[in-house]
Asks: 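Before I ask anything, let me first share the structure, which is written out below as structure tokens.
Convention: sequence-line order gives letters A, B, ...; per-chain numbering from 1.
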Protein chains: 2
Amino acid sequence: MKKTTSSDISTEEKIKIAARTLFTKKGYAATRTRDIAEEAGINLALLNYYFRSKEKLFELIMMEKITNFFGVVGPLLNDTSVTLEQKIVTISGNYIDMLNDNPELPLFILSEIRMNPDQFATRLPLSQVGASHLFKQLREKKPDLHPIQFLMNLLGLTVFPFIMKPVLVQSGLLTEKTFEEQMVQRKELIPKWLRAMLKKS
Amino acid sequence: MKKTTSSDISTEEKIKIAARTLFTKKGYAATRTRDIAEEAGINLALLNYYFRSKEKLFELIMMEKITNFFGVVGPLLNDTSVTLEQKIVTISGNYIDMLNDNPELPLFILSEIRMNPDQFATRLPLSQVGASHLFKQLREKKPDLHPIQFLMNLLGLTVFPFIMKPVLVQSGLLTEKTFEEQMVQRKELIPKWLRAMLKKS
DNA sequence: GTCTATACAAAGATAGAC
DNA sequence: GTCTATCTTTGTATAGAC
């Protein structure tokens, strides 16, 4: 029987929590194992005891985050029972909700991929997108626009504000609160804008 | 009289060129001064001789890049002789041209700002945007949409594809060549999409 | 499983010769 | 201005006691 209850967290879990915080905030290279240990309130040696190395620990966290990030689109991609319109609303809405809770996610994932493109390329569930039902729907609806162009728009309109957030808030152009309000608004605006893009021209 | 001619580059300049390449590709933390020295083909000690420290050198490059990045919008912001429509076309067009030459720029700037938000906040020319002529034009044209929302769209549609580029290319969803072609297309598409967003609803 | 102590490696910075 | 050699600091990993 595990001695861990909901109120006392195992050392292993403490390290993972601290690693999640620091890695996603500062990235791999700028994060010190000593800082993780301190943040977790444990001894530095235990990090290596449980996870063998900084890199192994990082990969664990990274895979978790990639799953989070692509989990929003994944299940919808090939669902033939959902209309294009519904997919758009669901994807952008779910992303905004998820990113409101994890605003640092996109910048973290994208910058780490940039540093090691080939290492993560194979593990990304993106390769299937090209043959997905969503792409088929897009081609039918608007043959003269490459589905990738549309995907860039969907993600750009949804994800980019969260990437800009630190800049906008720090520059005083926006407060945390008004940012969140605007993101809520966008859940209705984005589908409207995307719908216009798919109109026959 | 300087002995430097156009064909032989001064040591100082060699270091700056190497630093530009490595910092923008890997970020501050992951870049080693030894790598910069090697890339520049100079002795490690010379880096400190010319720039005192890694950090000083980095700040120099960073300021350069911020100037590049915001230079595209800056001059247009308060130009009262340019219509809103023209501003949109110019901004997105110029950005796409500039980013086609410097695709790593946005991810570099945004991830470094994320690591040190307050350090760069003051130096960003973004605070003036709120009082700009562009924002005034946007408020007049479409009072029910917050200008920031529009700015997010303009930048999201323009800049985000370049942020996604490594992911898209590495996952095999796109080749370098088709990416560039699509970006050229977007120079006409983006203004069209944005125009639709500013229509009376 | 957890901690102390320490080895080992890498990175940034500098002194001093040329 | 440039180089070699070296110092210091910081970061990662491990050995061994409890």
Asks: Is it true that A/Glu64 and A/Arg20 have a side-chain N and a carboxylate O under 4.0 angstrom from each other?
Replies: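 Salt bridge: yes.
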
Asks: Roughly how many Å is it from CZ in A/Phe58 to P in D/dG11, rounded to a whole number?
Replies: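 Going from CZ in A/Phe58 over to P in D/dG11 covers 17 Å.
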
Asks: Rounded to whole angstroms, how far apart are CG on A/Leu22 and P on D/dG11?
Replies: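 In whole Å, D/dG11 P lies 12 Å from A/Leu22 CG.
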
Asks: When the ring centroid of B/Phe58 is compared with that of B/Phe51, is the distance short of 6.0 Å?
Replies: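 They do not qualify: ring centres at least 6.0 Å apart.
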
Asks: Whole angstroms only, please: what is the CD1-C1' distance between B/Ile9 and D/dG1?
Replies: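 Roughly 17 Å, once rounded to whole Å.
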
Asks: Is there side-chain contact between A/Glu112 and A/Ile61, with at least one heavy-atom pair below 4.5 Å?
Replies: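 No, every pair of side-chain atoms sits at 4.5 Å or beyond.
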
Asks: What is the distance from CZ of A/Phe51 to C1' of C/dG1, rounded to the nearest Å?
Replies: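 After rounding, the gap between these two atoms is 14 Å.
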
Asks: Compute whether any side-chain donor of one residue and acceptor of the other, for B/Thr83 and B/Gln86, lie under 3.5 angstrom apart.
Replies: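 Result is yes, a qualifying pair exists.
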
Asks: Which whole-number value in Å describes the distance from A/Glu13 CD to C/dT2 P?
Replies: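 After rounding, the reported distance stands at 13 Å.
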
Asks: Whole angstrom is fine here: how far is it from CG in A/Asp35 over to P in D/dT9?
Replies: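 To the nearest whole Å, that distance equals 18 Å.
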
Asks: Determine whether the aromatic ring centres of residues A/Phe108 and A/Tyr28 are separated by less than 6.0 angstrom.
Replies: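 Judged by ring-centre distance (under 6.0 Å), A/Tyr28 and A/Phe108 do not meet the cut-off.
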
Asks: Reading nucleotides 12-18 of chain C from the 5' end, what letters show protein touch, with B for base, S for backbone sugar-phosphate only, - for no heavy atom under 4.0 Å?
Replies: BSB----

Asks: With salt bridge (charged side-chain N to carboxylate O under 4.0 Å, His left out) as the test, pick out the partner of A/Glu59 among A/Lys65, A/Arg123, A/Lys54.
Replies: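 Single pass found, and it is A/Arg123.
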
